[in-house]
Amino acid sequence: ALGQSALLAYLLIDIAVYAALGLVVRSAYRHNYGQEPWHDPKAFLLMLAATWAGNNATRPLRLAGAAALSPGLEWAMARLHEQWGLRRAFASIAILAIWGLLALTVV
């Protein structure tokens, strides 16, 4: 049973995949049509659908990645608990927040 660390790993990978796919789809649309997709509501919905479809296509890889990343996250949450006294839930939220900010910064 991988539990909370596997869920956290899956969410971290999901954030990264959505960020990368969103960037790729936006760049492709802008390259082909010369404008941002959110200027046209139909194009924006198409962009969201393409990102969602691409994310669903990568589900087996994300699950395998979460299983592989889970022990490392388990260790990191234990270290945060030992050194800073953070409970597992708060450690998980801190890791997700840092990763989300990093993904937003890169994209």
Side-chain angles (χ1 to χ4, degrees):
L2 298 173
Q4 183 183 10
S5 60
L7 176 62
L8 179 61
Y10 186 82
L11 290 174
L12 293 175
I13 293 170
D14 212 28
I15 289 170
V17 170
Y18 265 116
L21 287 173
L23 183 63
V24 168
V25 170
R26 177 191 165 267
S27 298
Y29 185 87
R30 187 171 175 164
H31 181 275
N32 287 335
Y33 298 105
Q35 67 178 2
E36 296 293 341
W38 41 82
H39 291 269
D40 179 16
K42 288 181 183 178
F44 183 71
L45 290 175
L46 182 65
M47 183 183 94
L48 289 178
T51 303
W52 177 79
N55 193 42
N56 280 336
T58 63
R59 182 172 293 144
L61 297 173
R62 290 182 288 134
L63 286 171
L69 191 58
S70 181
L73 284 173
E74 188 71 36
W75 175 85
M77 287 190 291
R79 293 286 291 172
L80 286 172
H81 177 69
E82 290 171 7
Q83 289 188 346
W84 294 350
L86 289 178
R87 291 187 304 176
R88 290 179 58 86
F90 291 125
S92 298
I93 291 169
I95 292 170
L96 271 175
I98 291 168
W99 186 252
L101 289 173
L102 181 63
L104 284 174
T105 303
V106 170
V107 173

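Positions are given from 1, in the same order as the sequence printed here.
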Not counting sequence neighbours, which residues clear side-chain hydrogen bond (donor to acceptor under 3.5 Å, both in side chains) with Asn32? List them please.
none
Taken in chain and number order and not counting sequence neighbours, the residues that satisfy side-chain hydrogen bond (donor to acceptor under 3.5 Å, both in side chains) with Arg79 are none
Nearest heavy-atom neighbours spanning [X] and [Y]:
X     : Y     : answer
Ala43 : Pro37 : CB-O, 3.8 Å
Ile95 : Ala76 : CD1-CB, 4.5 Å
Ile13 : Gly65 : CD1-C, 3.4 Å
Ala66 : Ala6  : CB-O, 3.8 Å
Leu21 : Gly54 : CD1-C, 3.4 Å

ring-ring contact (aromatic ring centres under 6.0 Å, His included) contacts touching residues 36-95 (sequence neighbours left out)
none
Hey, could you give me each pair passing salt bridge (charged side-chain N to carboxylate O under 4.0 Å, His left out) that has a residue in [range]? Not counting sequence neighbours.
range           : result
residues 84-107 : Glu74-Arg88
residues 96-107 : none
residues 22-36  : Arg26-Glu36, Arg30-Glu36

Are Leu23 and Val17 connected in the hydrophobic side-chain network, where two residues link if heavy atoms are under 4.5 Å apart?
no
Listing, residues 99-107 side-chain donor-acceptor contacts under 3.5 Å, not counting sequence neighbours, or none:
from: Trp99; atom 1: NE1; to: Leu12; atom 2: O; distance (Å): 2.8
from: Thr105; atom 1: OG1; to: Leu101; atom 2: O; distance (Å): 2.7

List in chain and number order the residues that pass ring pair (Phe, Tyr, Trp, His ring centres under 6.0 Å) with Tyr29, two or more places apart in sequence or in another chain; answer none if no residue qualifies.
Tyr33
Linking directly or through intermediates, with side-chain heavy atoms under 4.5 Å: list the remaining ILVMFWY members grouped with [X], chain and number order.
X     : value
Leu61 : none
Leu63 : Tyr10
Val24 : none

Just wondering, do Ile15 and Leu96 contact through their side chains at under 4.5 Å, heavy atoms?
yes
Hey, does Met77 have a side-chain heavy atom less than 4.5 Å from the side chain of Leu8?
yes
For residues 13-25, the side chain to side chain donor-acceptor pair (under 3.5 Å) pairs (sequence neighbours left out) are Asp14-Asn55, Asp14-Arg62, Tyr18-Asn55
What's the separation between atom CG in Leu46 and atom CG in Asp40, rounded to the nearest 0.5 Å?
9.5 Å
